[in-house]
Number of protein chains: 2
Amino acid sequence: MGRALRADAERSVRAILEAAERVLAQDAGASMEQIAEAAGLTRITVHRRFANRQALLEALAVSAKQQLIDAIEEARPDSAPALVALYRVTVNVMRVKNTWRYTLSHATAHTAAAAALWEEIDAHTVQLLDRAQHEGLLAPDADLEWTRQVYYALLSEALNRPGADRDPAAQDPDAQATLVIDTLLHGAGPRG
Amino acid sequence: MGRALRADAERSVRAILEAAERVLAQDAGASMEQIAEAAGLTRITVHRRFANRQALLEALAVSAKQQLIDAIEEARPDSAPALVALYRVTVNVMRVKNTWRYTLSHATAHTAAAAALWEEIDAHTVQLLDRAQHEGLLAPDADLEWTRQVYYALLSEALNRPGADRDPAAQDPDAQATLVIDTLLHGAGPRG
DNA sequence: GTTAATTGATACTTCAGTGTCGCAGTTCTG
DNA sequence: CAGAACTGCGACACTGAAGTATCAATTAAC
């Protein structure tokens, strides 16, 4: 890396990444110019910070995944009973996933850096699920990889859940986390 | 509609749609030419059948959704106990969803026709889930819209499940359907 | 077997997006 | 405050894809 960016340049980078998320969420094929405009900058400045479109996409992916990791670690997934930790992690992840909807759901740029971050996220998740299994929260014969996949899917679905109009409580992070975990553990069938 | 297409033209249309699915699955921004080539045709022929790119995307969406409806109705979702019907529907849907991965997961073209088909699919699904609920398969207080969302998500996840290498049985449609339904009904927690 | 539809080949136009450059004005940093 | 870094502006070249037109050759349909 060269020298550190100047403060205003750093601000530009953040503005671009956030604008890219917003714009691409509505049109995955949006142009650099649309992104620049949404960031309150010129197309040229975007090109100065990110050599080409691909580089921007990669930076976006890395940034979002890093925030996801931070959110997970901030929830201290290794302390407290697994159910409590799972709940805390879910709430934190939901918040980040809500902010970076596009970037975190469209796994476009498959760079080494991004892949490494995903592996770290997966590792965190599986470790937590493994602990949950040992604490009797999950079935002893549950396939943890499949459980992880289902967990991710439920997180996405909870965010895309409509009906925020009639039931504003459904948008509440706590309510969403509860729904996700409840569904993950018990499904939709009747309780024993 | 004008007069019916000649047999060879009809074949071309099918080839184009199938090629589009294959090509777009790997690169959502693929050009008309790439699609044409994959279909064994010229770019010009594609333009003759579909005025523009958008029209092709819409036709693709309608075609795939129609096949999904056919697959559901073919499973006779209103006969037999709900669990059996759910199983049959799941197997059939899985087959179609596997063939039209791209089209059925990327809800791009939002035309009136495509939206109407989705509503029909949703109606079928919710009706089946409602019957399942009345038969005691689902919890009496289960939110059927959420259940439907989770069901769709599980179908997608089952298709994207890796590990076909070590465990070829995981690719078996019956095994996949069993996994989806089991997870939908009971989640990953221990059984009562 | 005759007619009408379909297709491929070639060529052309149009257009949007990408990426670059130099220069002038502004803003941060030490 | 002085130098360095950053941004905006205008202009430019380049690429790739979309879409159109005509004509000859082929192929299905009745």
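In the text below, chain A, chain B and the rest are named by the order of the sequence lines, each starting its count at 1.
Taking atom CG of B/L56 as the reference point, atom P of D/dA17 lies 15 Å away to the nearest angstrom. Going from atom CD of B/Q34 over to atom C1' of D/dA17 covers 10 Å, rounded to whole Å. Note: CD (B/E10) to C1' (D/dA28) measures 13 Å, nearest angstrom. Per the geometry, CG belonging to B/D27 stands 10 Å off P belonging to D/dA17, to the nearest Å. With rounding to whole Å, A/R48 atom CZ is found 11 Å from C/dC21 atom C1'. Atom P of nucleotide C/dT18 and atom CD of A/E37 are separated by 14 Å, given to the nearest angstrom. In this structure, the CG atom of A/N52 is 19 Å from the P atom of D/dC14, given to the nearest Å. When the P atom of D/dT15 is taken as reference, atom CD of B/E33 falls 17 Å away, rounded to whole Å.
The pair B/R161-A/D143 meets the salt-bridge criterion, since a charged nitrogen lies less than 4.0 angstrom from a carboxylate oxygen.
For A/E33, the CD atom counts as loosely surrounded, since its 6.0 Å shell holds 12 or fewer non-hydrogen atoms of other residues, nucleotides or ligands. No more than 12 heavy atoms of other residues, nucleotides or ligands sit less than 6.0 Å from atom CZ of A/R14.
At distances below 3.5 Å, not a single donor-acceptor pair connects side-chain atoms of B/R131 with backbone N or O atoms of B/A85. Remark: side-chain polar atoms of B/R49 are not paired, donor with acceptor, to backbone N or O of B/V13 under 3.5 angstrom.
When distances are taken from the side chain of A/M32 to each of C/dT6, D/dG19, C/dT18, the shortest belongs to C/dT18. Candidate nucleotides D/dG8, C/dT20, D/dC6 were compared by shortest atom distance to the side chain of A/H47, and C/dT20 ranks first. Nearest nucleotide to the A/S31 side chain, out of C/dC21, D/dA28, C/dG17: C/dG17. Taking the side chain of A/T45 as heavy atoms from C-beta on, and the options D/dT7, C/dC28, D/dA28, the nearest nucleotide is D/dT7. Side-chain proximity of B/R43 to the nucleotides D/dG19, C/dT6, C/dT29 is greatest for D/dG19. Distances were taken from every side-chain heavy atom of B/I44 (C-beta onward) to each of D/dA21, C/dT18, D/dA18; the shortest belongs to D/dA21.
Between B/R53 and the phosphate of D/dG19, there is no side-chain N or O to OP1/OP2 separation shorter than 4.0 Å. For the pair A/R6 and C/dT29, the criterion of a side-chain N or O lying under 4.0 Å from OP1 or OP2 is not met.
Mapping B/R11 and B/A30 onto DNA chain D by nearest heavy atom places B/A30 at the nucleotide closer to the 5' end.
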